[in-house]
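Taking it in order: structure first as C-alpha cells, then the write-up.
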Amino acid sequence: MKTLATDALLQSDPFDTSQAGKSLFLESFKENALFHYKHHAFTHRLWNKLGFHPEMLVAEEDLALVPGTMVHLFKEHEFHSVPKDEIVLTLTSSGTGGQKSQQFLSRYSLDNVKKLALNIHRSLGMADSREYNYLCFTYDPQVANDLGTAFTDELLTNFTGKKEVFYAIGWNEEKQDFELNESETIKAFHRFADSGIPTRILGFPALLFEIIEKYNLSLDLGVDSWLQTGGGWKGKADKEIPKHEFRDFITKRLGIPGEHQRDLFGMVEHGIPYVDCEKGNLHIPNYARVFTRSPVDMSLLPVGEKGLLHFLCSYNYSYPAPSLLTTDYGRVGKCDCSLGGNILFLEGRAGVSKHKGCALKALELLRK
Ligand SMILES: [Zn+2]
C-alpha cells in the first residue's frame with residue numbers, strides 16, 4: 001500500500017508544531033478519510049447523513065468538522081475497511097467486564113503503528129541502543145498476543161537493546177487463567193538489581209504498587225533504569241495515587257529517577273500513544289488531533305475546556321476509526337517543556353463517578 005501523505009507524516013518529527021507539520025497531518029488525514037469513506041459503508045452513510053465529505057478538509061480548523069464515530073459502535077460491530085483476509089492482527093482490550101474493545105490491523109496499518117510508536121518514544125528520549133533487562137507487569141505475549149497491553153509491551157521492549165525479558169503475568173495451566181507470578185517476580189527484581197545492567201519496568205501501576213507494598217521491596221535498580229506505566233488504575237481506582245506522589249514512591253523504593261518514570265495513555269480503538277514528557281505531561285503528537293465536545297449536544301468546545309474526548313488519527317487503513325468519539329472526559333493544555341505543543345489531561349470516564357473523582361484529585365495535585 002502506498003499513501004503519499006501518511007508515509008511522509010510518519011517520517012516526520014512527531015512533535016513538529018510548525019505550519020508545514022500541521023499541513024502534513026491535514027493532508028494525511030484527508031487521504032485516510034477518503035479511503036474509509038470509499039471502503040467502509042457505515043462511515044460513508046454516517047458522513048453523508050451528517051453532510052460531511054473528506055474533500056471539505058482544506059484548513060486545520062476544518063478537522064473539527066469531521067463527525068466522530070461513537071466508540072461503543074466499535075465494540076458492538078466488527079468494523080474494517082479492508083477484506084477480512086487482509087487483517088494480520090486483531091487486538092482486544094484487557095478491560096474487565098462489559099464488552100471488549102477491539103482493533104483490526106492490516107500489515108500496512110500494523111507497520112505504521114509500530115513506526116509512529118518508535119518515533120514518539122525516540123523523540124521523548126526513551127529509545128536507546130544499550131541493553132536493558134525488562135520486567136513487564138503484563139501478560140506474556142506468547143500466550144496473549146491478541147491483548148492490546150501485551151502487544152504494547154512487546155512493542156516497547158523493541159526500542160532498546162534487551163537482555164532478559166521477564167513477564168510477571170503468566171498462564172496457569174491448572175487454573176486455566178492468567179495470574180501474577182509473585183515469587184518469580186520478586187526473584188527477577190533482585191536478579192536485575194544485582195545484574196549491573198539497567199532495568200525497564202513496564203505495565204500496570206497498580207500491580208507494581210501492590211507488589212512493592214506486599215513484599216516491602218526496597219532496591220536500587222540504578223539511575224539509568226526506567227519505569228513505563230500504562231493502562232491506568234483499572235479496577236483499582238480507589239487505590240489510585242496521584243502521579244507525582246507515585247513518582248516519589250518509586251524513586252524511594254526502586255531507585256528510578258522521577259524523570260525516567262513515564263506514563264502512557266492509549267486506547268485500543270485509536271492506537272496513538274500519548275506519552276509523558278520528563279515533566280509528567282501526556283504530549284499529543286502531530287500524528288493525531290484531540291478535540292473536546294459537549295456531552296449534551298456534541299458541539300465543539302474551546303481549547304482547554306473539559307469535555308468528551310474526540311480523537312483523530314490517519315495511520316490506520318484497516319480500521320475505520322479515523323475520527324473516534326469516546327466516553328472519556330479530558331481537556332487539552334500546554335506544557336512548558338522543550339517539546340512544545342499540546343498536552344492531554346484525562347479527567348475520568350463519563351458516568352463513573354468514583355473513577356472521575358480520583359482522576360480529578362490527581363489533576364488537582366498536578367496543577368500545584
Ligand atoms: Zn512536556
Side-chain angles (χ1 to χ4, degrees), residues 9-10 12-22 24-25 60 115-128 152 155-156 159-160 200-202 205 223-233 240-251 256-267 270-292 301-307 309-313 328-348 359-368:
L9 178 74
L10 298 187
S12 71
D13 174 2
F15 299 106
D16 184 355
T17 54
S18 71
Q19 199 47 51
K22 282 184 180 152
L24 194 52
F25 177 78
E60 174 75 21
K115 211 180 285 176
L116 68 87
L118 173 61
N119 291 350
I120 289 167
H121 285 84
R122 194 187 275 145
S123 289
L124 287 163
M126 298 165 76
D128 190 348
T152 306
L155 186 65
L156 294 180
F159 300 156
T160 69
R200 287 201 179 215
I201 301 174
L202 304 178
V223 292
D224 292 327
S225 291
W226 288 75
L227 168 63
Q228 294 166 249
T229 49
W233 291 67
E240 183 164 348
I241 298 169
K243 201 183 243 183
H244 287 244
E245 223 172 89
F246 187 66
R247 275 191 166 191
D248 291 344
F249 172 80
I250 294 296
T251 304
I256 301 174
E259 64 272 23
H260 282 191
Q261 297 179 40
R262 308 290 180 93
D263 197 32
L264 178 153
F265 168 75
M267 285 184 75
H270 179 52
I272 298 282
Y274 297 87
V275 186
D276 272 347
C277 66
E278 57 182 36
K279 294 199 166 187
N281 290 319
L282 299 167
H283 277 255
I284 303 170
N286 189 41
Y287 304 152
R289 292 291 182 271
V290 182
F291 300 115
T292 57
L301 296 173
V303 176
E305 230 167 82
K306 179 184 160 183
L309 290 168
H310 177 194
F311 293 110
L312 302 189
C313 65
D328 291 316
Y329 280 112
R331 63 188 172 87
V332 172
K334 291 274 180 208
C335 181
D336 58 6
C337 77
S338 59
L339 276 180
N342 290 330
I343 53 173
L344 172 63
F345 289 97
L346 302 171
E347 308 231 18
L360 284 171
K361 198 175 122 218
L363 282 159
E364 273 163 25
L365 284 149
L366 282 174
R367 287 198 202 105
K368 276 182 187 164

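The shown structure was predicted, so the numbers you read here are calculated from the model rather than taken from an experiment. Counting starts at 1 for both ligands and their atoms, in listed order.
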Quiz item: Do you know the tightest heavy-atom contact between Lys22 and Glu60?
Solution: CB-OE1, 3.7 Å
Quiz item: So which protein N/O/S atoms does the Zn ion (ligand 1) have within less than 2.8 Å?
Solution: Cys277 SG, His283 NE2, Cys335 SG, Cys337 SG
Quiz item: Should Leu346 and Leu282 count as side-chain neighbours, where that means a heavy-atom distance under 4.5 Å?
Solution: yes
Quiz item: Going by heavy atoms in the side chains, are Tyr287 and Ile120 under 4.5 Å from each other?
Solution: yes
Quiz prompt | Results of salt bridge (charged side-chain N to carboxylate O under 4.0 Å, His left out) for Arg200 - residues two or more places apart only | solution = none
Quiz item: Which residue, Ile284, Leu312, Ile343, Val303, forms the side-chain contact (heavy atoms from CB on, under 4.5 Å) with Val290?
Solution: Ile284
Quiz item: Got Arg262 and Glu278 here, is their nearest side-chain heavy-atom distance under 4.5 Å?
Solution: yes
